[in-house]
Amino acid sequence: MPDRWPVQIFDVSKSGLGLVIAASLAEGSWVQVQVGNALALGEVRHSTPIDEQRFRIGIRLADIVGRT
């Protein structure tokens, strides 16, 4: 999918990322998150609304290419 959204990273662990994003994503969706020169690929594990315009997304990382 060619859609791109700015995200706010609020949590980082060895196995995943916590993001705040302006769109709800379906559990099981695959996403790419770019931070500097690094590209992380992961699966959406949960999507919880914060309010009408923001969602808290949990991503389980599958791979990271490059480093920041």
Side-chain angles (χ1 to χ4, degrees):
M1 183 183 332
D3 294 339
R4 292 179 181 220
W5 300 287
V7 299
Q8 177 185 10
I9 299 173
F10 68 85
D11 187 28
V12 177
S13 71
K14 288 183 180 181
S15 62
L17 293 174
L19 308 174
V20 174
I21 186 172
S24 177
L25 300 176
E27 291 180 14
S29 298
W30 284 87
V31 297
Q32 293 178 348
V33 179
Q34 184 174 357
V35 179
N37 292 327
L39 185 66
L41 175 65
E43 179 184 5
V44 175
R45 301 302 294 160
H46 63 83
S47 178
T48 307
I50 297 171
D51 55 34
E52 290 182 10
Q53 298 178 350
R54 297 180 301 154
F55 296 83
R56 191 175 187 147
I57 308 292
I59 306 293
R60 179 174 55 194
L61 292 175
D63 197 12
I64 299 175
V65 179
R67 298 285 179 210
T68 56

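Contact check for Trp5 versus Leu25: side-chain heavy atoms found under the 4.5 Å cut-off. Looking only at side-chain heavy atoms (C-beta outward), Leu17 and Asp11 stay at 4.5 Å or farther from each other.
Between Ala62 and Trp30, the shortest heavy-atom contact is CB-CZ3, 3.6 Å. When all heavy atoms of Ile21 and Pro6 are compared, the pair lying nearest together is CG1-O, 4.3 Å. Nearest approach of Gln32 to Leu39, heavy atoms of both residues: CB-CD1, 3.9 Å. Across Gly16 and Leu61, no two heavy atoms sit closer than the pair CA-CG, 3.8 Å. Of all non-hydrogen atoms in Gly66 and Ala38, the two that sit nearest each other are O-CB, 3.8 Å.
Judged by distance alone, the side chain of Glu27 and the main-chain N or O of Ser29 form no donor-acceptor pair under 3.5 Å.
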Start with the C-alpha distance between Val44 and Ile59, add both sets of side-chain angles, then the distance that settles side chain to side chain contact (heavy atoms under 4.5 Å, CB included), and finish with yes or no.
CA-CA 5 Å; Val44 175; Ile59 306 293; 3.7 Å; yes
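Ile64 is connected to Val7 through a chain of hydrophobic side-chain contacts under 4.5 Å among Ile, Leu, Val, Met, Phe, Trp and Tyr, so both are in one cluster. Taking hydrophobic clusters as Ile, Leu, Val, Met, Phe, Trp and Tyr residues chained together by side-chain heavy-atom distances below 4.5 Å, Val35 does not share a cluster with Leu41. Cluster membership for Phe10 and Val31, using ILVMFWY side-chain heavy atoms within less than 4.5 angstrom, is not shared.
Interatomic distance, CD of Gln8 versus CZ of Arg56, reported as 10.0 Å (0.5 Å rounding). In this structure, OG in Ser24 is found 4.5 Å from CZ in Phe55, a value given to the nearest 0.5 Å.
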